[in-house]
Amino acid sequence: MEILVERIANELIDAESHQYSVAPLTERYSELTVSDAYQIQLEVIGKKLKEGHVVIGKKVGLTSKAMQQMLGVDEPDYGHLLDSMKMADEATVKIADFISPKVEAEIGFILEQDLVGPNVNYLDVLMATKYVVPTLEIIDSRISDWKIKLVDTVADNGSSARVVVGKKLSTIEGLDLRTQGMVFYKNNELVATGSGTAALGHPAQAVAWLANKLHEFGITLKAGELILPGALSGAITVNEGDTIVADFGSLGTATVSFE
């Protein structure tokens with residue numbers, strides 16, 4: 001299995017580097033488990049760390065029913081965020097750097113304390129949070145035509161590509177993140193709305209789920225990390241020339257453009 005893990009990791013790294021997709025892993029390797037898939041992800045991340053990249057956070061994805069239905073997956077996925085993936089608010093990115101990109105709007109959590117599973121609950125998350133911040137996650141599957149099952153997306157680092165971090169940092173006092181609204185615009189046209197309840201009922205609950213899930217692999221959510229809890233609506237497909245804005249009301253906005 002170690003040889004297969006490394007082979008698939010190298011394949012995914014090359015696909016990402018050269019913007020091409022590969023056939024679904026689940027069609028070629030029916031024996032792969034979700035645990036195997038996470039070992040592939042860790043192999044990919046390990047190789048990138050050796051190249052000088054730094055882990056700045058982690059993500060849980062497919063927490064909303066809208067996204068699970070869109071991609072035919074029945075539970076969340078998860079992945080790592082690297083320094084090379086972080087983009088400033090109002091960044092312009094090249095569409096040619098991606099294969100088949102989509103954009104999601106999420107309420108990011110910046111932690112002040114570590115979160116160590118297996119018994120983390122959403123109140124623990126709120127107590128450990130320094131700030132929440134508006135974010136856009138650019139997701140991009142290295143799997144052909146987004147034909148993913150859970151094993152495919154976990155191996156592929158949760159289909160993550162970039163994260164755009166808004167300027168406004170908010171403390172959680174007085175906030176009800178469950179009902180926190182979001183309005184999604186593409187080229188100034190309203191394309192979706194959502195609220196915090198889309199992310200496993202509460203964004204902090206999604207972060208708790210992630211802390212507990214990653215504990216199975218000896219991974220901790222660390223102080224200072226940015227944690228993405230999942231989209232508040234379905235993902236938006238983007239093309240060259242598009243500008244995407246997510247407005248989270250009192251939490252601020254996050255914007256990205258594609259050229």
Side-chain angles (χ1 to χ4, degrees), residues 5-29 32 37-38 40-48 51 53 56-62 64 66-73 76-87 91-106 135-164 184 186-187 191-192 228 230-231 233-244 246 254-259:
V5 165
E6 182 169 13
R7 181 193 309 158
I8 295 173
N10 288 334
E11 179 182 36
L12 291 172
I13 289 171
D14 193 64
E16 181 180 11
S17 299
H18 296 95
Q19 295 85 48
Y20 68 87
S21 58
V22 302
L25 305 179
T26 47
E27 291 182 0
R28 293 182 286 151
Y29 308 106
L32 287 178
Y38 194 59
I40 294 167
Q41 180 185 137
L42 292 177
E43 182 75 13
V44 170
I45 297 301
K47 290 176 181 293
K48 291 185 176 183
E51 295 173 353
H53 297 277
I56 62 164
K58 301 177 180 80
K59 64 155 285 184
V60 52
L62 306 181
S64 73
M67 284 304 298
Q68 290 182 11
Q69 290 169 3
M70 177 184 288
L71 298 176
V73 174
D77 64 5
Y78 34 92
H80 289 73
L81 304 176
L82 301 176
D83 56 338
S84 55
M85 299 166 66
K86 184 178 179 181
M87 312 293 292
T92 298
V93 296
K94 296 183 181 299
I95 201 79
D97 290 342
F98 306 98
I99 301 164
S100 181
K102 305 175 187 290
V103 179
E104 298 178 332
E106 310 186 31
T135 66
L136 292 170
E137 184 184 8
I138 303 174
I139 56 174
D140 191 30
S141 182
R142 274 60 68 171
I143 306 301
S144 180
D145 299 323
W146 284 94
K147 292 180 179 177
I148 60 171
K149 296 181 179 178
L150 188 63
V151 163
D152 296 292
T153 184
V154 170
D156 192 27
N157 196 35
S159 305
S160 196
R162 303 286 190 278
V163 57
V164 178
F184 220 176
K186 178 178 180 179
N187 303 326
V191 290
L228 300 185
S233 73
I236 305 302
T237 300
V238 290
N239 295 288
E240 183 179 348
D242 287 340
T243 295
I244 304 296
T255 302
V256 67
S257 298
F258 294 83
E259 65 177 17

Practice item. Compare every heavy atom of Ile139 with every heavy atom of Ala235, then report the nearest pair and how far apart it is. Key: CB-CD1, 4.1 Å
Check your understanding: Near Lys47 NZ, under 6.0 Å, is it more than 12 heavy atoms from other residues, nucleotides or ligands?
Key -> yes
**Study point:** Pro24 vs Lys149 side-chain heavy atoms within contact, under 4.5 Å
**Key:** no
Review point. So, does Glu106 use its side chain to make a donor-acceptor pair with the main chain of Thr135 at under 3.5 Å?
Key: no
**Study point:** Taking every non-hydrogen atom, the tightest pair across Phe184 and Gly234
**Key:** CE1-O, 4.1 Å
Exercise for review: Determine yes or no for a side-chain-to-main-chain donor-acceptor pair under 3.5 angstrom, with Asn187 supplying the side chain and Thr243 the backbone.
Suggested key: yes
Check your understanding: Got a donor-acceptor contact below 3.5 angstrom from the Trp146 side chain to the Asp140 backbone?
Key -> no
Exercise for review: Spell out, as yes or no, whether a donor-acceptor pair under 3.5 Å connects the side chain of Arg28 to the backbone of Ala23.
Suggested key: yes
Review point. What is the minimum heavy-atom distance between Pro76 and Leu150, and which atoms define it?
Key: O-CD1, 3.3 Å
Practice item. Check step by step if salt bridge (Lys or Arg N to Asp or Glu O under 4.0 Å) holds for Glu11 and Arg7. Key: CA-CA 6 Å; Glu11 179 182 36; Arg7 181 193 309 158; over 6 Å; no
Check your understanding: Between Asn157 (side chain) and Gln41 (backbone), is there a donor-acceptor pair under 3.5 Å?
Key -> no
Review point. Will you find, in the side chains of Ser257 and Thr92, an N or O donor that is under 3.5 Å from an N or O acceptor?
Key: no
Practice item. Grab the two heavy atoms, one from Ala155 and one from Leu25, that are nearest each other, plus how far apart they are. Key: CB-CD1, 3.6 Å
Exercise for review: Hey, can you tell me if His80 and Tyr38 have their rings parallel, tilted or perpendicular (30° and 60° cut-offs)?
Suggested key: parallel
Review point. Is there a donor-acceptor pair under 3.5 Å between the side chain of Lys59 and the backbone N or O of Gly158?
Key: yes
Review point. Would a distance-only check, ignoring hydrogens and angles, find a side-chain to backbone donor-acceptor pair under 3.5 Å from Lys186 to Thr237?
Key: yes
Point to revise | Donor-acceptor side-chain pairing of Asp152 and Thr26 below 3.5 angstrom | key: yes
Review point. Any donor-acceptor pair under 3.5 Å linking the side chain of Arg142 with the backbone of Asp156?
Key: yes
Review point. Quick one: does Asp77's side chain have a donor or acceptor within less than 3.5 Å of a partner on Val154's backbone?
Key: no
